[in-house]
Peer 1: 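One structure, as structure tokens, below. Some questions next.
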Amino acid sequence: MKLENIIPWGRSMKEYIGMFNLSKEEIKFQKILGCGDGPSSFNTEVDMEGGSVVSVDPLYAYSKQQIMQRIDDVVDEVMAEVKANMEKFVWKNIPDPESLLDLRIEAMMEFLMDYEEGKEEGRYIDASLPDLPFEDDRFDLALSSHLLFLYSDHLDERFHIEAVEEMLRVAAEVRIFPLLTLQNIRSPHLDPTMAYLREKGYDVTIEKCAYVFQKGGDEMLRIIKR
Ligand SMILES: C[S@@+](CC[C@H](N)C(=O)[O-])C[C@H]1O[C@@H](n2cnc3c(N)ncnc32)[C@H](O)[C@@H]1O
């Protein structure tokens with residue numbers, strides 16, 4: 001994927017904990033895979049707490065300097081988009097756009113500080129769904145934050161099914177957040193993906209989560225291998 005097609009925008013570990021209802025035990029003891037973690041500080045912060053996260057993203061094909069430059073290039077555009085769509089978000093835990101920007105910059109700076117070391121340690125891997133470079137059952141938990149379902153206009157139903165099946169090949173459980181598209185409506189790919197996975201024998205549930213920023217976006221999908 002070309003860097004000019006990627007909008008780097010990263011969330012913090014606290015936000016991941018809220019989005020995925022992650023417990024302290026899961027953070028500390030589970031082998032976690034983050035699909036499309038981008039410049040989020042989730043991997044960095046979990047690593048500092050002694051936990052284990054491997055993140056895959058096509059962004060990791062690029063150098064620290066290139067990613068930093070790309071963040072610099074897009075930040076005004078992303079913030080202008082947020083300000084033009086204020087009514088789409090819940091301004092509670094994050095009270096205003098300035099606080100949002102501070103939060104995102106802090107998370108992305110933490111990621112950048114850790115990026116080169118993390119790459120050497122194999123924590124940041126250049127790979128893209130629906131193909132993961134791991135053996136079967138390597139992870140306890142695979143997460144997707146703000147990629148699947150959100151970009152339903154760009155990624156079709158077949159992509160979603162292939163991506164989730166691939167995540168289930170390498171992990172015992174998959175959690176996906178949010179279930180809404182960029183237009184704040186439930187993804188049209190959600191029901192067909194859930195029906196397909198149930199048919200295949202997986203346990204599939206929608207659960208409320210502690211985190212909400214996109215209006216109506218307070219649910220995650222949990223899929224468990226029996
Ligand atoms: C909106 S960002 C979300 C970043 C992070 N998960 C978070 O919530 O803060 C979406 C990320 O998905 C990555 N991405 C796009 N297509 C992908 C694919 N096929 N497989 C894995 N990651 C992908 C992008 O490079 C980008 O970093």
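Any value given below was found using the heavy atoms of this structure, including those in side chains, with hydrogens, waters and symmetry copies removed. As the structure lists them, so they are numbered: ligands from 1, and atoms in each ligand from 1.
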Peer 1: Let me know which protein residues bring a heavy atom to under 4.0 Å of ligand 1; chain then number is fine for ordering.
Peer 2: M1, I6, W9, G10, R11, Y16, G36, D37, G38, S40, D57, P58, S128, L129, S145, H146, L147, Y151, F159
Peer 1: Between H189 and H160, how do the two ring planes meet: parallel, tilted or perpendicular, split at 30° and 60°?
Peer 2: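 If you compare the ring of H189 with that of H160, the planes turn out tilted.
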Peer 1: Quick check on Q183: does its CD atom have over 12 non-hydrogen neighbours (other residues, nucleotides or ligands) under 6.0 Å away?
Peer 2: yes
Peer 1: Hydrogens and angles aside, do T44 and Y124 bring a side-chain donor and acceptor to less than 3.5 Å of each other?
Peer 2: yes
Peer 1: Look at the aromatic rings of Y115 and Y60 and report parallel, tilted or perpendicular, splitting at 30° and 60°.
Peer 2: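 It falls in the tilted class, 30° to 60°.
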Peer 1: Would you please test D96 and S99 for side chain to side chain donor-acceptor pair (under 3.5 Å) and show each step?
Peer 2: CA-CA 5 Å; D96 48 50; S99 312; 2.6 Å; yes
Peer 1: Hydrophobic cluster mates of V212, side-chain heavy atoms under 4.5 angstrom, ILVMFWY only, any path?
Peer 2: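 Same cluster as V212: V90.
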